[in-house]
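Each chain gets a letter, A, B and so on, in the order its sequence line appears, and its residues count up from 1.
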Amino acid sequence: MAAEKMAIRPPVSEEELERAAKFLVRFYRVNEEFDPLYTMVDDPEPVARQLIQRYAEEENSVLLVAVSEGCVVGLIHGEVRHNPILRASPLGVMMELYVHPSYRRRGVAKRLIEEAAKKLREKGAKAIAAEFPHLNEIAVSFYRDLGFRPLTSVYIKELEEKVER
Amino acid sequence: MGEKIDWYKISEKLHRFYEGKIEVILKVPAYTQKFFAVWYTPGVAGPSKILAENPDESFHLTWRWNFIAVVSDGTRVLGLGNIGPEGAYPVMEGKALLFKLLGGVDAVPLVHRAREPEKFLELLELVEPSFGGINLEDIESPKCFYILDEARKRLNIPVWHDDQQGTATVTLAGLINAAKLVGKDLKNMRIALIGAGAANIALYRLLKTYGINPRNLVVVDSKGVLHPDREDIDRLMISNRWKYQIAVETEGGWNDLRGGGIPEAMKGADAVVAASRPGPDVIKKEWVRLMEKDAIVFAEANPVPEIWPWDAKEAGAKIVATGRSDLPNQVNNSLVFPAVFRGVLDVRAKTITDTMAIAAAEELARFAEEKGIHEDYILPTMEEWEVYPRVATATALQAIAEGLARVKMSRDELYERAYNIIKSTIDKLELFYKTGLIKPVPEDVRKIIESKPEKKRGA
């Protein structure tokens with residue numbers, strides 16, 4: 001089914017929230033591939049379900065699902081982030097995006113991003129950004145093709161465990 | 001059952017006796033010193049100057065037209081695993097022997113330490129000027145898929161990975177004739193592929209190109225049926241995109257499987273092709289009973305097939321093929337690679353497409369059909385050497401039809417050329433045997449090798 005016929009909207013039922021939570025876990029499981037700091041907690045499903053609830057309720061959050069024939073096939077979550085010293089503030093940041101494998105390569109992710117951008121703009125966002133693991137080359141080329149450019153680099157290192165008490 | 005033959009031991013003995021198995025020998029007269037001025041300095045500067053201007057002439061002024069490399073990093077050798085380049089050496093030298101004997105192709109083993117995919121590819125690019133083609137061999141999966149795909153793009157000579165394309169092509173040929181025997185249309189058959197390594201991933205692609213709907217295919221790997229809801233599906237997208245693609249395209253096959261393993265995949269299948277791990281009983285008798293009437297079972301693992309033929313037949317299989325030479329219907333890639341390379345070298349094809357592999361498979365099947373196919377004869381055997389010029393011709397004609405041939409010839413010209421090249425190798429060898437230029441095998445070994453193969457049940 002073409003992406004145009006797909007409904008992009010907030011999840012409306014318990015069932016849809018459940019499925020969204022499942023997709024959230026799948027999204028983070030992909031990230032686990034790229035860096036151990038993306039490793040999830042044991043039994044992440046209940047945590048994901050709570051997160052989804054928060055995303056759905058919080059004022060500065062946007063949570064949308066792609067629905068095809070009554071079934072959730074994709075998910076996006078973004079939030080509005082403020083930094084009052086910058087002209088571009090607030091920024092709309094997309095943090096989680098997932099599309100079911102059977103529905104990929106037909107523009108679902110692109111539509112999710114467009115709709116999320118609209119909602120973030122309604123909440124005041126002046127620009128939109130996407131966060132993803134540095135080594136995820138699929139994401140790099142995907143966002144580049146949509147006209148995004150690299151902005152922030154996040155470098156990370158583990159803290160050494162304390163020796164003295 | 002008689003005494004079991006220890007092939008490992010005999011092989012070691014003969015490898016030591018002959019100190020390897022191929023050598024380079026001249027094909028031009030060089031019996032007086034005058035010839036050195038022709039074949040070497042100063043005369044050779046003539047061809048060299050031409051080649052500096054026009055490198056393409058290397059296919060006419062050197063042996064490049066008939067010369068290929070058998071390349072391996074030794075990361076997945078036979079069933080032995082990652083045993084390194086030296087470990088792979090005798091296998092590659094053996095492959096070179098088969099190339100010469102069956103296809104008249106001059107081949108050298110080229111084992112190396114470039115295990116990193118980009119380094120491996122760089123090596124191929126760097127040595128490309130020496131060769132008319134590249135045969136890749138015994139490289140671990142999924143690295144082998146990337147290396148083959150990339151090498152095909154980057155090199156201007158044909159690159160073939162025999163563990164993928166060779167096995168897939170001969171399997172397709174077997175399926176074509178098996179389908180004929182059971183009176184089914186292969187294009188509408190439901191086929192379960194057990195194992196998702198080099199051979200079956202290549203077979204999947206070949207079957208799709210042949211015209212089979214991916215929904216009529218189901219593929220099982222060591223973790224079960226490939227389907228789009230599998231827990232590790234996104235990881236596969238990154239680590240093995242070939243498996244990922246199969247999961248998405250087949251959607252778990254005709255039964256929309258969202259879990260399960262080999263028995264679930266075999267349910268309702270017309271054919272099963274297992275290229276997984278040595279059996280027996282990787283495939284169980286009762287699972288064959290879940291298949292459609294007149295089931296076709298290809299159990300290709302070596303040395304022991306996933307299910308013994310007699311067990312498969314007892315459970316209702318109509319046609320059974322294995323990888324073994326001592327059982328009927330051997331699915332043997334040696335039927336394919338010498339002929340495919342003979343064909344592409346003769347027309348200087350730029351590459352070997354899947355449709356060329358299909359043309360080779362169809363000709364292989366036709367050859368057996370003309371001889372009279374039956375349950376225990378769906379594929380030619382390596383002894384029927386006339387099959388090689390036939391398959392070479394079919395491959396070359398397809399290359400011409402696809403606009404990939406740099407040299408064009410008629411069917412008759414192609415056949416005659418391939419026939420003559422292969423025949424001349426056979427004739428030369430015959431002479432070497434007769435004159436003792438190839439030393440006779442030690443008596444104790446000769447007795448074993450020349451004894452009739454025992455028809456046996458079980459190993």
Side-chain angles (χ1 to χ4, degrees), chain A residues 1 3 6 15 18-36 38-45 48 66 68-69 71-77 95-109 112 132-143, chain B residues 116-118 121 140-143 145-147 149-150 153 193 196 201 204-205 208 213-260 264-265:
Chain A
M1 182 197 275
M6 221 162 267
E15 199 191 330
E18 280 287 336
R19 181 107 161 145
K22 213 166 243 169
F23 280 12
L24 198 69
V25 172
R26 282 182 164 219
F27 170 84
Y28 279 100
R29 188 159 288 141
V30 182
N31 286 3
E32 280 183 337
E33 288 295 296
F34 297 105
D35 197 290
Y38 278 114
T39 308
M40 284 186 285
V41 297
D42 298 335
D43 194 20
E45 270 85 11
S68 169
E69 290 166 349
C71 191
V72 170
V73 300
L75 151 107
I76 194 165
H77 162 244
M95 300 168 67
E96 289 110 354
L97 169 64
Y98 187 86
V99 176
H100 188 275
S102 296
Y103 294 85
R104 286 177 198 167
R105 305 182 77 89
R106 48 182 100 174
V108 180
L112 281 166
F132 52 83
H134 185 68
L135 293 175
N136 188 344
E137 285 166 31
I138 299 172
V140 171
S141 61
F142 172 73
Y143 284 108
Chain B
E116 182 62 31
E118 286 307 321
L121 285 161
E140 64 199 347
S141 158
K143 183 171 81 181
F145 305 121
Y146 175 74
I147 289 176
D149 289 354
E150 278 301 307
K153 279 185 230 156
L193 308 187
I201 286 196
Y204 171 80
R205 209 178 56 202
K208 230 173 65 179
N213 184 341
R215 298 281 284 125
N216 283 336
L217 298 170
V218 59
V219 182
V220 185
D221 74 358
S222 56
K223 294 198 183 107
V225 170
L226 288 172
H227 63 82
D229 285 316
R230 235 167 79 147
E231 266 307 286
D232 60 349
I233 188 73
D234 296 305
R235 223 171 296 162
L236 282 179
M237 184 175 73
I238 296 155
S239 65
N240 192 326
R241 62 187 148 93
W242 299 271
K243 277 196 203 178
Y244 171 83
Q245 191 189 349
I246 289 173
V248 171
E249 287 177 354
T250 59
E251 296 181 57
W254 56 91
N255 283 328
D256 291 313
L257 296 174
R258 287 297 180 271
E264 288 79 8

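- With a 4.5 Å cut-off on non-hydrogen atoms, A:Tyr98 touches chain B through its side chain but not through its backbone.
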A:Arg26 vs B:Asp229, side chain to side chain contact (heavy atoms under 4.5 Å, CB included): CA-CA, chis, key distance, verdict: CA-CA 10 Å; A:Arg26 282 182 164 219; B:Asp229 285 316; 4.0 Å; yes
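- Within 6.0 Å of CD in B:Glu118 there are more than 12 heavy atoms belonging to other residues, nucleotides or ligands.
- A:Val25 places none of its side-chain heavy atoms less than 4.5 Å from the side chain of B:Glu231.
- The 12-atom threshold is exceeded at NZ of B:Lys143, counting heavy atoms of other residues, nucleotides or ligands nearer than 6.0 Å.
- Other residues, nucleotides and ligands place no more than 12 heavy atoms under 6.0 Å from the CD atom of A:Glu15.
- The heavy-atom pair separating A:Ser102 from B:Val248 by the smallest distance is CA-CG1, 4.4 Å.
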Evaluation steps, salt bridge (Lys or Arg N to Asp or Glu O under 4.0 Å), between B:Asp234 and A:Arg104: CA-CA 12 Å; B:Asp234 296 305; A:Arg104 286 177 198 167; 2.4 Å; yes
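- Looking at B:Arg241, there are no atoms closer than 4.5 Å to chain A (heavy atoms on both sides), in backbone or side chain.
- In this structure, the side chains of A:Arg29 and B:Asp232 stay at 4.5 Å or more apart for every pair of heavy atoms.
- Proximity of B:Met237 to A:Ile138: side-chain heavy atoms (C-beta onward) are separated by under 4.5 Å at one or more points.
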